[in-house]
Undergrad: 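One structure follows; several queries about it will come next.
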Amino acid sequence: MSVIPVSYYLVLSAVLFGLGVVGVVFKRNIITIFMSIELMLNAVNLAFVAFARAHNQLDGLVFVFFVIVVAAAEAAVGLAIVIMITHNRQSLNVERVNFLKF
Amino acid sequence: MIPFALFFICAFLAVLGAISLIVAWEPIHSALSLVLVMMSLAVLYLLLGAEFIAAVQIIVYAGAVMVLFVFVIMLLNAGTEERTNWSKFAKVAGLPLASFLLLAIAYMLSRSAIGATAANGSGVSNAGFSTRALSMALFQQYLFPFEATSILILIALLGALILARKDE
């Protein structure tokens, strides 16, 4: 019986999360930034499931369920905001969104 | 041996998808890469023995959320990303700092005590992780948060409607 250590999953989760951070920092397209945030949420979900399996407790899975629900709600509201900003600014570039800039 | 091979294939695909999400200049390519990441994560959830989460991952994430993303990309006719001048600081320090963050998190996680524990969902007894047990936990111990999420969804729905509506 082969056994995959939890650390493998955790490292994969960390790598995905780090790539999500890189996406948020480097990308200039508001939709791609939003997708990078979804990537980070997915990475955290993977860590949750791996920890749930390591402790053999269900609570981690329940948390993943809630994270997915909140992410779906966030996607709906966030994309509505994206549509509104794009209609106002005629651009998807976040550097054009400078309403609050002094 | 098969779980290991499956894990490494899916991990490779997930990282590949994440990198191509960042590298792609077209938002639609990024969206499809994200679907690849989500699909391989679903396989990893199956490998961990969390079959309900895997199903939800495919139905809600790869299905509903990504369709929403692709729909908005189509709606806004999002083409190639504008290339902007990086600030000097981002050019010099960006990648080193990002890779440092990544390595630091990975190092801490791999060193933690829990890391050596076996995470095996394939083949071993799966009784504690069944969908039945999960729904029991969801509807008994976590009933109040579960009901609260329905209110959250309702508020998100109303918020999205109000935000996206045309101004009179």
Side-chain angles (χ1 to χ4, degrees), chain A residues 1-12 14-23 25-29 31-32 35-36 38-39 42 45-46 49-54 56 58-59 61-62 64-66 68-77 79-84 86 92-93 95, chain B residues 1 3-4 7 11 14-15 18-19 21-22 27 30-31 34 37-38 41 44-45 48-50 53 56 60-61 64-65 68-69 72-73 76 78 81-82 84 94 98 101-102 105-106 109-110 114-121 123 128 133-134 137-138 142 145 149 152-153 156 159-160 163-164:
Chain A
M1 191 180 73
S2 52
V3 177
I4 303 172
V6 173
S7 58
Y8 285 25
Y9 288 100
L10 296 183
V11 169
L12 174 64
V15 168
L16 289 180
F17 189 88
L19 286 171
V21 172
V22 170
V25 172
F26 278 79
K27 297 300 274 187
R28 283 289 161 269
N29 187 313
I31 296 177
T32 320
M35 283 192 275
S36 304
E38 295 289 327
L39 178 64
N42 269 287
N45 278 352
L46 182 64
V49 176
F51 276 127
R53 173 51 76 180
N56 219 358
L58 270 173
D59 307 61
L61 297 192
V62 178
V64 170
F65 183 76
F66 286 136
I68 290 177
V69 170
V70 172
E74 173 237 348
V77 176
L79 286 172
I81 293 173
V82 167
I83 291 175
M84 210 181 62
T86 315
L92 284 169
N93 193 332
E95 285 177 3
Chain B
M1 223 57 249
F4 262 102
F7 173 82
V15 173
I19 290 173
L21 187 156
I22 297 170
S30 300
L34 192 54
V37 176
M38 284 163 177
L41 283 184
L44 288 178
Y45 292 153
L48 281 163
I53 296 295
V56 168
V60 175
Y61 255 132
V65 172
L68 203 62
F69 268 99
V72 167
I73 290 170
L76 298 179
E81 192 176 334
E82 279 180 54
T84 46
L101 171 76
L102 211 150
I105 299 176
L109 286 176
S110 61
I114 191 97
T117 330
N120 197 346
L134 181 61
L138 205 56
Y142 292 97
T149 52
L152 176 79
I153 294 272
L163 279 173

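Letters A, B, ... are given to chains in the order of the sequence lines, protein chains preceding strands, and every chain is numbered from 1. Any value given below was found using the heavy atoms of this structure, including those in side chains, with hydrogens, waters and symmetry copies removed.
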Undergrad: Heavy atoms only, distances under 4.5 angstrom: which of A/L46, A/N42, A/D59, A/I81 has the most pairs with chain B? Name it, please.
TA: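 Most heavy-atom pairs within the cutoff with chain B belong to A/N42.
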Undergrad: Starting at CG of B/L163, measure out to CG of A/L79 and round the result to the nearest 0.5 Å.
TA: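 Reported value, rounded in 0.5 Å steps: 11.0 Å.
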Undergrad: What part of B/Y61 gets within 4.5 angstrom of chain A, counting heavy atoms only: side chain, backbone, both, or neither?
TA: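 Only the side chain of B/Y61 comes within 4.5 Å of chain A.
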Undergrad: Side chain, backbone, both or neither: which part of A/F65 has an atom under 4.5 Å from a heavy atom of chain B?
TA: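 The answer is both parts of A/F65.
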Undergrad: Would you please name every residue forming a ring-ring contact (aromatic ring centres under 6.0 Å, His included) with B/F69, sequence neighbours left out?
TA: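 B/F69: ring-ring contact (aromatic ring centres under 6.0 Å, His included) contacts with A/F34.
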Undergrad: Are any non-hydrogen side-chain atoms of A/F66 and B/L138 less than 4.5 angstrom apart?
TA: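 A/F66 vs B/L138: side chains touch.
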Undergrad: For A/V21, is it the side chain, the backbone, both or neither that has a heavy atom under 4.5 Å from a heavy atom of chain B?
TA: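 Side chain only.
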Undergrad: Heavy-atom distance under 4.5 Å to chain B: side chain of A/L61, backbone, both or neither?
TA: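 Backbone plus side chain of A/L61, per the 4.5 Å heavy-atom cut-off to chain B.
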Undergrad: Considering only heavy atoms from C-beta outward, does the side chain of B/L44 approach that of A/L12 to under 4.5 Å?
TA: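 Yes, side chains in contact.
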Undergrad: Which value, rounded to the nearest 0.5 Å, describes the distance between B/I73 atom CD1 and A/M35 atom CE?
TA: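 Output value for this atom pair is 4.5 Å.
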Undergrad: By a 4.5 Å heavy-atom criterion (distance strictly below it), what part of B/V15 contacts chain A: side chain, backbone, both, or neither?
TA: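 Both backbone and side chain of B/V15 come within 4.5 Å of chain A.
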Undergrad: Return the set of residues passing side chain to side chain donor-acceptor pair (under 3.5 Å) with A/N45 (not counting sequence neighbours), or none when no residue passes.
TA: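 Here no residue qualifies.
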Undergrad: Within this structure, what is the CG-CD1 distance for the pair B/L48 and A/I4, rounded to the nearest 0.5 Å?
TA: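 Output value for this atom pair is 7.5 Å.
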Undergrad: Calculate, to the nearest 0.5 Å, the distance between atoms CG and CG belonging to B/L21 and A/L19 respectively.
TA: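 Output value for this atom pair is 9.0 Å.
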Undergrad: List the atom of A/E38, the atom of B/V65, and the distance in Å for their closest heavy-atom pair.
TA: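 Heavy-atom minimum between the residues: OE1-CG1, 4.2 Å.
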Undergrad: Calculate, to the nearest 0.5 Å, the distance between atoms CG and CG belonging to B/L76 and A/N29 respectively.
TA: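 It is 9.5 Å, given to the nearest 0.5 Å.
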Undergrad: Go through B/I53, B/I153, B/L152 and name the one with the most non-hydrogen pairs under 4.5 angstrom from chain A.
TA: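 Most heavy-atom pairs within the cutoff with chain A belong to B/I53.
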